[in-house]
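Data first, discussion second: the structure below is written as structure tokens.
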Amino acid sequence: MPVAQRQEQTTAGRQGLLVAERLTRAFGGPPVVDGVSFTLARGSITGLIGPNGAGKTTLFNLIAGSLAPGGGTLTLDGARIDGLRPDQVFARGLARTFQIPRPFPAMTVLENVMLAPPGQAGERFWTNWLRPAAVAAEERRNRDRAMLWLDFVGLAKLSAQPAGVLSGGQRKLLELARVLVAEPRLILLDEPGAGVSPPLLALIMEKIAELNARGTTFLVIEHNMDLVMTLCRPVLVLAQGRLLLEGSPEEVRRDPRVVEAYLG
Ligand SMILES: Nc1ncnc2c1ncn2[C@@H]1O[C@H](COP(=O)(O)OP(=O)(O)O)[C@@H](O)[C@H]1O
Ligand SMILES: [Mg+2]
């Protein structure tokens, strides 16, 4: 497809779901994320690759509200989200998973998924006293919804086990179930394939594709080229805090600048 036509589809024709403009962040020294601009097309699975230390996770922290940008803007579905707290960003339908998932090991798998998102404790306190029946009914609904998503990721059988018994791959699936409960429109996945056994990786890839077919947009940090080549279009390449290029997985793989960024 010609570049002009492609641009019309992703930016002018239909505004992107997420638009980042000149995002910048430093930690005292030179910027770790340095003037990064991109558009995530609605319904896409966009890949984000780059060598260790390139700033990928920091970029996720900026998008999810865990870190405030030093400069630049973020727009989700036409509304600015830069400067919002993580729970506010989450409430707008943008969820993220962590590079190293840390479930509460003594709580059951189900309880980990049922943990209330932040910001509701105050309301809950009064409802608990005034309308106990309503609380019980809501708790049942939460439990049913959590079980539904545990079943979706293949962890229903383990729902009563303490989360501490889960393997690395199963923890990635638990993380996915935890964010799916909120039915986000955009999910940021930080290295979903890292430390995951091949059969579980295949399952994770299948679930991403299935959710995407139902309309969920993804931005995925990943080193596993199999996952990137199979699922991601387009792929963004980040090196030393800057966006080096954007292209199809094939274009990216044969670009000499990418090879250099990984080696150099
Ligand atoms: N909170 C922080 N304070 C200071 N330096 C940080 C912080 N977070 C990340 N960095 C630095 O920013 C750079 C990019 O890190 P990161 O975003 O984790 O890279 P990637 O995920 O691409 O491997 C690294 O040099 C890292 O040490
Ligand atoms: Mg990282």
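Quantities reported herein were computed from a predicted structural model and do not represent experimental measurements. Numbering starts at 1 and runs along the sequence shown. All ligand and atom numbering here is 1-based and tracks the order in the structure.
No donor-acceptor pair closer than 3.5 Å links the side chain of Thr75 to the backbone N or O of Arg80. In this structure, Lys172 contributes its side chain and Ile100 its backbone to no donor-acceptor pair below 3.5 Å. Although no hydrogens or angles enter the test, the distance criterion places no donor-acceptor pair under 3.5 Å between the side chain of Thr216 and the main chain of Asn212. The closest donor-acceptor contact from the side chain of Arg22 to the backbone of Gly72 lies at 3.5 Å or more, if one exists at all. Panel note: side chain Glu175, backbone Phe98; a donor-acceptor pair is recorded below 3.5 Å.
Among residue pairs with one or both ends in residues 145-164, those qualifying as side chain to side chain donor-acceptor pair (under 3.5 Å) are Asn142-Arg145; sequence neighbours excluded.
Using a 3.5 Å distance cut-off with no hydrogens or angles, the side chains of Asp190 and Thr97 do not pair a donor with an acceptor. Defined by atom type and a distance below 3.5 Å, a donor-acceptor pair is present between the side-chain atoms of Asn61 and Arg96.
At a heavy-atom cutoff of 4.0 Å, ligand 1 is surrounded by Phe27, Val32, Pro51, Asn52, Gly53, Ala54, Gly55, Lys56, Thr57, Thr58.
Less than 2.8 Å away from the Mg ion (ligand 2), the protein contributes these N/O/S atoms: Thr57 OG1, Gln99 OE1.
Applying the side chain to side chain donor-acceptor pair (under 3.5 Å) rule to Arg242 yields the partners Asp34; only residues at least two apart in sequence or on another chain are considered.
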